[in-house]
Amino acid sequence: MPLRLYNTMTRRLEEFVPLDSTRVGVYACGPTVYRPPHIGNFRTFVFNDLLHRYLEWKGFGVTFVMNLTDVEDKIINEAAGMGVSIGEVTAPMADAFFADLRTLAVLPADLYPRATEHIDEMIDIIERLEKRGHAYRAPDGSVYFDISSFPTYGRLARIEAQSIRSGAGLSTRAGGIDADEYEKADARDFALWKGVKDVDRQVGAAWQTPWGEGRPGWHIECSAMSMAALGSTFDIHTGGEDLIFPHHEDEIAQSEGASGEPFVRYWLHVKHLLVNGEKMSKSKGNDFTIDQLLEKGYSASSIRYLIISAQYRKELNFAFDGLDTARTAIQRLLDFERRLIDMPTAADAPLSRLHEITEHALHDFEKAMDDDLNTPNALAVVFNFVRECNAELDRDTPTARAATDAARDALASMDRVLGILEIARVERADVADDLAVWADGMVAERQEARRRRDYAESDRIRDELEGRGIVVEDTPQGPRWKKA
RNA sequence: GGUCCCGUAGCCAAGUGGUUAGGCAGUGGCCUGCAAAGCCAUCAACGCCGGUUCGAAUCCGGCCGGGACCUCCA
């Protein structure tokens with residue numbers, strides 16, 4: 001079955017046909033490492049991960065690249081304010097970013113290029129742009145891209161170059177280092193390179209170039225790093241919806257202007273999330289970090305579940321009660337998985353309908369994901385699968401081991417894309433040794449009480465266990481306990 | 001002003017021309033010593049007004065409401 005993706009360039013669902021199926025190139029716009037990433041960022045990064053995982057699940061070889069922006073206005077401001085170099089600002093933020101990725105079970109990218117490590121490639125692109133008549137130098141040492149030299153400018157964002165509001169926001173900002181307070185021939189042109197200012201030197205954000213000292217424009221880094229890693233034409237480029245314009249529009253102009261070849265084949269953009277029904281913003285204080293959510297007692301699996309519970313191009317309201325319901329839903333999956341493991345089986349039992357149910361589930365799952373990564377539908381497939389299997393297991397005991405194994409494999413296979421259970425399993429197993437030993441003992445005591453038909457005592461023990469977050473379940477295979 | 005998206009049951013969220021989406025919550029039942037887990041049943045829906053159609057949540061028009069982007073926020 002073909003994978004279909006919504007391409008921002010054409011505003012249509014398109015069948016994904018890579019240049020080379022053994023090496024699908026994906027470039028994801030990563031974080032600007034100047035403050036801890038928030039939950040909004042992670043909608044985008046989890047989406048990237050879903051794409052990464054699903055491409056591999058489909059059997060493609062994938063080269064996944066995500067950049068780190070480590071030189072940029074806000075970073076320079078921050079460093080200047082603290083009296084340190086930009087590296088001292090970005091290093092801890094990059095560490096925090098990677099830690100959060102691990103928490104959310106985001107697969108590592110193959111490459112995490114950083115802007116400051118690709119200055120040479122940027123210089124090369126700018127020189128080529130100059131040679132090809134797309135760039136010009138300003139008296140202050142800046143280099144600008146000449147939009148009038150690139151007729152298709154505006155194609156991605158669907159804007160006429162002429163209609164871009166000239167001078168919007170220019171020269172009106174307070175503060176001395178705003179990037180666009182430079183001399184351009186046309187207000188709509190954008191900076192490829194910015195002539196050096198004192199503050200740049202102070203924080204170590206100045207590099208020598210053939211046209212003088214300075215620092216990169218915002219967009220050039222992604223052109224340089226993506227083409228360096230994936231070639232001048234590659235398959236997929238992703239980012240948050242805010243990046244469509246100007247960032248990605250400018251990337252196209254720079255990259256194609258320099259290479260003379262088509263840049264990206266499929267542009268994928270993630271819609272911004274809402275937090276508790278409101279636009280996320282620093283001023284509202286709802287730009288939660290992963291750590292803040294964990295401190296509030298929410299689990300990483302719940303966070304990831306909530307993020308994938310809406311399709312990536314649709315509005316997603318990241319609300320706390322959504323995290324609570326996510327937790328309950330995940331418990332259901334974990335309980336099901338455990339049931340499959342504990343289920344008594346017999347080698348000579350007849351093959352039940354489990355096989356059929358399992359095959360259908362995998363087929364439907366792929367169909368859902370093929371439809372532009374429709375994760376809500378994919379989750380519906382998983383839950384239907386769980387219900388149908390449970391119903392089958394309720395009436396069919398024992399079951400053939402091959403059938404329960406196949407069901408387990410299918411669940412694991414779907415989770416190789418969704419990445420929920422792999423986190424949740426660890427969370428549930430995270431019980432202190434002494435608590436586990438105590439729980440085992442109490443459960444045994446309770447069994448003894450039940451044997452004596454001393455139900456007052458057995459119920460008392462169950463309450464005591466619950467008081468410490470342990471839930472007891474009496475199954476046909478005996479009592480079991482789990483972390484609530 | 002320009003570009004675009006969305007309004008689905010108590011909440012979240014798929015569907016996008018005709019057949020139960022799914023999760024969470026609720027109700028009744030089975031199971032259980034009682035529970036839990038599970039299963040079965042059940043409740044409840046397509047913002048409003050028109051139009052197209054044999055048939056519309058799904059297409060078209062209008063209205064109301066919400067939201068995004070338009071020079072550095074994923």
On RNA chain B, more 5' by nearest nucleotide between A/Arg43 and A/Glu241 is A/Glu241

In whole angstroms, the gap separating C1' of B/A13 from CG of A/Asp321 amounts to 13 Å

For a quick check of understanding: with a heavy-atom distance under 4.0 Å over all strands, which category does A/Asp474 fall into, base, sugar-phosphate or nothing?
base

Over 60° means perpendicular and under 30° means parallel, so classify the ring planes of A/Phe45 and A/Phe42, tilted if in between.
perpendicular

Side chain of A/Arg450 only, heavy atoms from C-beta on: which candidate in B/C34, B/A21, B/U71 is closest?
B/C34

Rounded off to whole Å, could you give me the CG-to-P distance for the A/Asp454 and B/C34 pair?
16 Å

Against the side chain of A/Arg462, the closest entry in B/C72, B/C34, B/G23 is B/C34

Looking for any heavy atom pair under 4.0 Å, which part of the strands does A/Asp242 touch: base, sugar-phosphate only, or nothing?
base

For the pair made of CZ in A/Arg480 and P in B/G38, what is the distance, rounded to whole Å?
16 Å

With both distances under 3.5 Å as the test, what is the Watson-Crick or G-U wobble partner of B/C59?
B/G51

Can you check nucleotides 39-45 of chain B for protein contacts, nitrogen or oxygen pairs under 3.5 Å, and list what you find?
{"unit_1": "B/C39", "atom_1": "OP1", "unit_2": "A/Arg332", "atom_2": "NH2", "d": "3.3"}
{"unit_1": "B/C39", "atom_1": "OP2", "unit_2": "A/Arg332", "atom_2": "NH1", "d": "3.3"}
{"unit_1": "B/C39", "atom_1": "O4'", "unit_2": "A/Asp394", "atom_2": "OD2", "d": "2.7"}

Under 4.0 Å between any heavy atoms, over every strand shown, what does A/Gln311 touch: base, sugar-phosphate, or nothing? Just pick one.
sugar-phosphate

Out of B/C34, B/C73, B/C69, which has the shortest distance to the side chain of A/Asn41?
B/C73

Could you tell me the separation between the CD atom of A/Glu473 and the C1' atom of B/A36, rounded to a whole number of Å?
5 Å

Which part of the nucleic acid does A/His272 contact within heavy-atom distance under 4.0 Å: base, sugar-phosphate only, or nothing?
base

Quick one: is B/C69 close enough that its OP1 or OP2 comes under 4.0 Å of any side-chain N or O from A/Lys279?
yes

What's A/Leu273 touching, base or sugar-phosphate or nothing? Going by heavy atoms closer than 4.0 Å.
base

How many Å lie between CD on A/Gln447 and P on B/G33, as a whole number?
11 Å

Side chains of A/Tyr34 and A/Asp70: donor-acceptor distance under 3.5 Å anywhere?
no

Could you measure the distance from the CZ atom of A/Arg327 to the CG atom of A/Leu334? Nearest 0.5 Å is fine.
10.5 Å

Distance-only donor-acceptor test, A/Asp459 side-chain atoms vs B/G33 base atoms, 3.5 Å
yes

Between the main-chain N or O of A/Phe190 and the side-chain N or O of A/Asp250, is there a donor-acceptor pair closer than 3.5 Å?
no

Touch check for A/Arg452, heavy atoms < 4.0 angstrom, all strands: base, sugar-phosphate only, or nothing?
nothing

Please give, in whole Å, the distance from B/C73 P to A/Tyr34 OH?
6 Å

Quick one: are A/Val471 and A/Leu465 in side-chain contact, heavy atoms under 4.5 Å?
no

Categorize A/His38 for me: base, sugar-phosphate, or nothing, with a 4.0 angstrom heavy-atom threshold over every strand shown.
base

Residue pair A/Asp372 / A/Tyr312, side-chain donor-acceptor N/O under 3.5 Å:
yes

Which part of the nucleic acid, if any, lies within contact of A/Asp250, taking any heavy atom under 4.0 Å across all strands shown: a base, the sugar-phosphate backbone alone, or nothing?
nothing

For A/Ser302 and A/Ser299, does a side-chain donor sit closer than 3.5 Å to a side-chain acceptor?
yes

If we call it a pair only when both distances are under 3.5 Å in a Watson-Crick or G-U wobble match, what pairs with B/G65?
B/C6

Is it the case that the side chain of A/Glu14 and the backbone of A/Leu5 share a donor-acceptor pair, with hydrogens and angles ignored and the cut-off at 3.5 Å?
no

Is it true that a side-chain atom of A/Thr8 and a backbone atom of A/Trp267 form a donor plus acceptor pair closer than 3.5 Å?
yes

Give me the distance, rounded to whole Å, that separates B/C31 from B/G22 when you measure between the C1' atoms they each carry.
25 Å

Measuring only the C1' atom in each nucleotide, how far is B/C48 from B/C54? A whole number of Å is fine.
26 Å

What nucleic acid atoms does A/Val471 come within less than 4.0 Å of, heavy atoms only: base, sugar-phosphate, or nothing?
sugar-phosphate

Under 4.0 Å, counting only non-hydrogen atoms across every strand here, what does A/Thr325 touch: a base, just sugar-phosphate, or nothing?
sugar-phosphate

So what does A/Gly322 touch, heavy atoms closer than 4.0 Å: a base, only the sugar-phosphate, or nothing?
nothing

Which base, if any, makes a Watson-Crick or G-U wobble pair with B/G1, both distances under 3.5 Å?
B/C70

What is the nucleic acid contact for A/Ser458, judged by heavy atoms within less than 4.0 Å: base, sugar-phosphate only, or nothing?
base

C1' atoms of B/G15 and B/G23, separation to the nearest Å
16 Å

Please name the nucleotide paired to B/G26 by Watson-Crick or G-U wobble geometry with both distances under 3.5 Å, or report none.
B/U42

Expressed in angstrom and rounded to an integer, what is the separation of A/Phe336 atom CZ from B/G22 atom P?
16 Å

Tell me whether the centres of the aromatic rings in A/His134 and A/Phe145 are closer together than 6.0 Å.
yes

Figure out the CG/P separation between A/Leu274 and B/C11, and round it to whole Å.
17 Å

Roughly how many Å apart are B/A74 and B/G55, using the C1' atom of each and rounding to a whole number?
43 Å

Ignoring hydrogens and geometry beyond distance, is a side-chain donor-acceptor pair present between A/Arg339 and A/Asn390 at under 3.5 Å?
yes

For A/Gly240 and for A/Gly277, locate the closest nucleotide of RNA chain B by heavy-atom distance; then report the residue assigned to the nucleotide nearer the 5' terminus.
A/Gly277

Check whether A/Trp438 forms a cation-pi arrangement with A/Arg468 (NZ or CZ under 6.0 Å from the six-membered ring centre, at most 45° off the ring normal).
yes

Does the cation-pi check pass for A/Arg12 over A/Tyr6, that is, NZ or CZ under 6.0 Å from the six-membered ring centre and within 45° of its axis?
no

Give one of base, sugar-phosphate or nothing for A/Phe383, where a contact means two heavy atoms less than 4.0 Å apart.
sugar-phosphate

Are any of A/Asn317's side-chain N or O atoms less than 4.0 Å away from OP1 or OP2 of B/C11?
no

B/A25 to B/U42 separation - C1' atoms, rounded to the nearest Å
14 Å

Base versus backbone protein contacts along nucleotides 3-10 of chain B [heavy-atom cut-off under 4.0 Å; B, S, -]:
--------

Compare the minimum distances between each of B/C34, B/A14, B/C24 and the side chain of A/Ala310, then state the nucleotide with the smallest one.
B/A14

Say you pick atom P in B/C6 and the same atom in B/C40; how far apart are they, in whole Å?
34 Å

